Amino acid sequence: FFFQAEDGIRDYKVTGVQTCALPISEAMDASGVSEDAFKISDRTYAYEAIGLSFQEGRLLVLHDEWTLSEIGFQQTAETQVFANNIIKLFSGNWPNNRFLIYSTNPHLLGSSLEKTITSSKNLVVKGRSNPLDLNTLRTYEAIFVGGEPVDNQMLIDYIKTGGSVCVIAGTGFGGSQAEAAQWNQLLGAFGLRLDSSYNNINGVLPVTNTDHPLFAGVKSLYQNLGQTIHVLPESKASIIMHSGTQGLIAYASVPVASA
């Protein structure tokens, strides 16, 4: 592992690994091993324990915003488990992280999703009142976006340096063609594509890939008219929940390049 002083900022995404705010010589235990090395090792193990890699950027795409809405939480208790699994996916089940819900869509701003995020001693910031740039975004463990557009290239760069992004499609913002166009640069960079029309999929539907860490303890989730997700040719991304031939939830990850 590499260590880097960053003027008091602790942000592993800057180089793809955890940085150290103090000079290494000031953070040694009795054996002469950096205390931060233990923290990095522990966090790496936390990710590996749920079948993931610490040094990865992650993209999760949901075809529909209703899954994580208050109604989605009411339709099935397993939504709570699914939301908690998302937080584990994005943080390695590590506490005291910062999450950003950068949207004004009411279905993403409900109290149930917020409580799930904060239950692991995490901080959540909601809304779009402040402008967002890459350096600011890197102070967050993950960002949820849906509805209003967000700079796709910024999100791509964020993922490639170790960030996690959850895109919520099918919100109706601007219509189906505009909504697909506003996210497909981001999705295309990781081998995915949104349909330019809304599907007619709704109801509490069975999960089709119970082996994925996101679906541990989850057998069904609520859906209500979203946008089908497709995997591009030769893509390493995957559809992890589908209804027939229609992709409902997709996941992609990319290794973080060494500095």
Side-chain angles (χ1 to χ4, degrees), residues 50-52 56-73 75-91 99 101 103 105 107-108 110 112-113 116-117 142-147 155 159 163-172 176 179-180 182-184 186-232 235-254:
I50 57 174
L52 302 171
E56 283 185 342
R58 299 174 175 86
L59 174 64
L60 175 66
V61 185
L62 277 62
H63 86 121
D64 171 37
E65 86 275 25
W66 287 87
T67 301
L68 294 178
S69 70
E70 289 301 299
I71 293 176
F73 277 83
Q75 287 288 320
T76 168
E78 291 171 2
T79 303
Q80 171 75 45
V81 181
F82 175 62
N84 191 56
N85 289 345
I86 293 176
I87 304 310
K88 288 181 180 179
L89 178 83
F90 287 168
S91 68
F99 289 82
I101 302 177
S103 176
N105 186 291
H107 296 302
L108 299 184
S112 295
L113 178 58
T116 301
I117 296 173
I143 179 173
F144 292 76
V145 294
L155 296 176
I159 291 172
S164 295
V165 175
C166 180
V167 174
I168 312 293
T171 66
S176 60
E179 192 163 10
Q182 78 184 32
W183 298 122
N184 273 340
L186 167 62
L187 270 63
F190 301 99
L192 297 167
R193 177 180 63 84
L194 280 179
D195 236 9
S196 59
S197 60
Y198 297 129
N199 57 43
N200 292 313
I201 297 171
N202 69 337
V204 177
L205 302 182
V207 166
T208 51
N209 183 2
T210 55
D211 292 333
H212 196 279
L214 269 173
F215 299 130
V218 181
K219 295 182 179 179
S220 60
L221 291 169
Y222 180 62
Q223 320 289 331
N224 188 9
L225 310 182
Q227 285 175 278
T228 300
I229 310 165
H230 303 275
V231 175
L232 299 178
S235 170
K236 294 183 179 180
S238 58
I239 301 296
I240 58 175
M241 180 174 177
H242 58 83
S243 175
T245 60
Q246 311 236 34
L248 307 184
I249 300 177
Y251 176 70
S253 62
V254 58

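Residue numbers start at 1 and run along the sequence shown. It should be emphasised that the depicted structure is a prediction, and the values quoted were computed from it without experimental measurement.
- Scanning both residues, A83 and L68, for their nearest heavy atoms gives CB-CD2, 4.2 Å.
- Of the N and O atoms on the side chains of S176 and Q227, not one donor lies less than 3.5 Å from an acceptor on the other residue.
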**Study point:** Intermediate values then yes/no, side-chain contact (heavy atoms from CB on, under 4.5 Å), Y198 and L225
**Key:** CA-CA 6 Å; Y198 297 129; L225 310 182; 5.5 Å; no
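- Here L192 contributes atom CG and W183 contributes atom CH2; the two are 14.0 Å apart, rounded to the nearest 0.5 Å.
- How far SG of C166 is from CZ of R58: 13.5 Å, rounded to the nearest 0.5 Å.
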Practice item. Output, in order, the C-alpha distance, side-chain angles, deciding distance and verdict of side-chain contact (heavy atoms from CB on, under 4.5 Å) for I239 and I249. Key: CA-CA 6 Å; I239 301 296; I249 300 177; over 6 Å; no
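- With rounding to the nearest 0.5 Å, the separation of CG in N84 from CG in L113 is 11.0 Å.
- Among the candidates V167, L221, T67, the single residue satisfying the side chain to side chain contact (heavy atoms under 4.5 Å, CB included) test with L62 is T67.
- Note: F99 and F144 have tilted aromatic rings, judged against thresholds of 30 and 60 degrees for the angle between ring planes.
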Check your understanding: Could you go step by step and tell me if H212 and N85 meet the side-chain contact (heavy atoms from CB on, under 4.5 Å) rule?
Key -> CA-CA 10 Å; H212 196 279; N85 289 345; over 6 Å; no
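- Closest non-hydrogen pair, W66 versus I71, comes out as CZ3-CD1, 3.0 Å.
- S103 contributes a side-chain N or O that, together with a main-chain N or O of G146, makes up a donor-acceptor pair within less than 3.5 Å.
- Of the inter-residue distances, the one linking S253 atom OG with L59 atom CG reads 9.5 Å to the nearest 0.5 angstrom.
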Review point. Hey, mind stepping through S112 and Q80 against side chain to side chain donor-acceptor pair (under 3.5 Å) and telling me if it holds?
Key: CA-CA 8 Å; S112 295; Q80 171 75 45; 6.0 Å; no
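- Residues V207 and F82 form no side-chain contact, since every pair of their non-hydrogen atoms from C-beta on lies 4.5 Å or further apart.
- A distance of 9.0 Å separates NE2 in H107 from OG1 in T171, rounded to the nearest 0.5 Å.
- Here the side chain of T76 pairs a donor or acceptor atom with the backbone of E78 at under 3.5 angstrom.
- Of the inter-residue distances, the one linking L214 atom CG with L60 atom CG reads 5.5 Å to the nearest 0.5 angstrom.
- For T228 (side chain) and Q246 (main-chain N/O), no donor-acceptor pair under 3.5 Å exists by modelled atom type.
- Without hydrogens or angle criteria, D64 side chain to L248 main chain gives no donor-acceptor distance under 3.5 Å.
- The shortest heavy-atom contact between L194 and A169 is CD1-CB, 3.6 Å.
- In this structure a side-chain-to-backbone donor-acceptor pair under 3.5 Å is missing from E65 to L108.
- The minimum heavy-atom distance between G72 and T79, with the atom names listed, is O-OG1, 2.8 Å.
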Check your understanding: Step by step, would you call T116 with I86 a side-chain contact (heavy atoms from CB on, under 4.5 Å)?
Key -> CA-CA 10 Å; T116 301; I86 293 176; over 6 Å; no
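- Between E179 and Q182, the shortest heavy-atom distance links the atoms O-CG, 3.2 Å.
- Shown here for A237 and G191, the closest heavy-atom pair between the two residues is CB-O, 4.1 Å.
- In this structure a side-chain-to-backbone donor-acceptor pair under 3.5 Å is present from T208 to H242.
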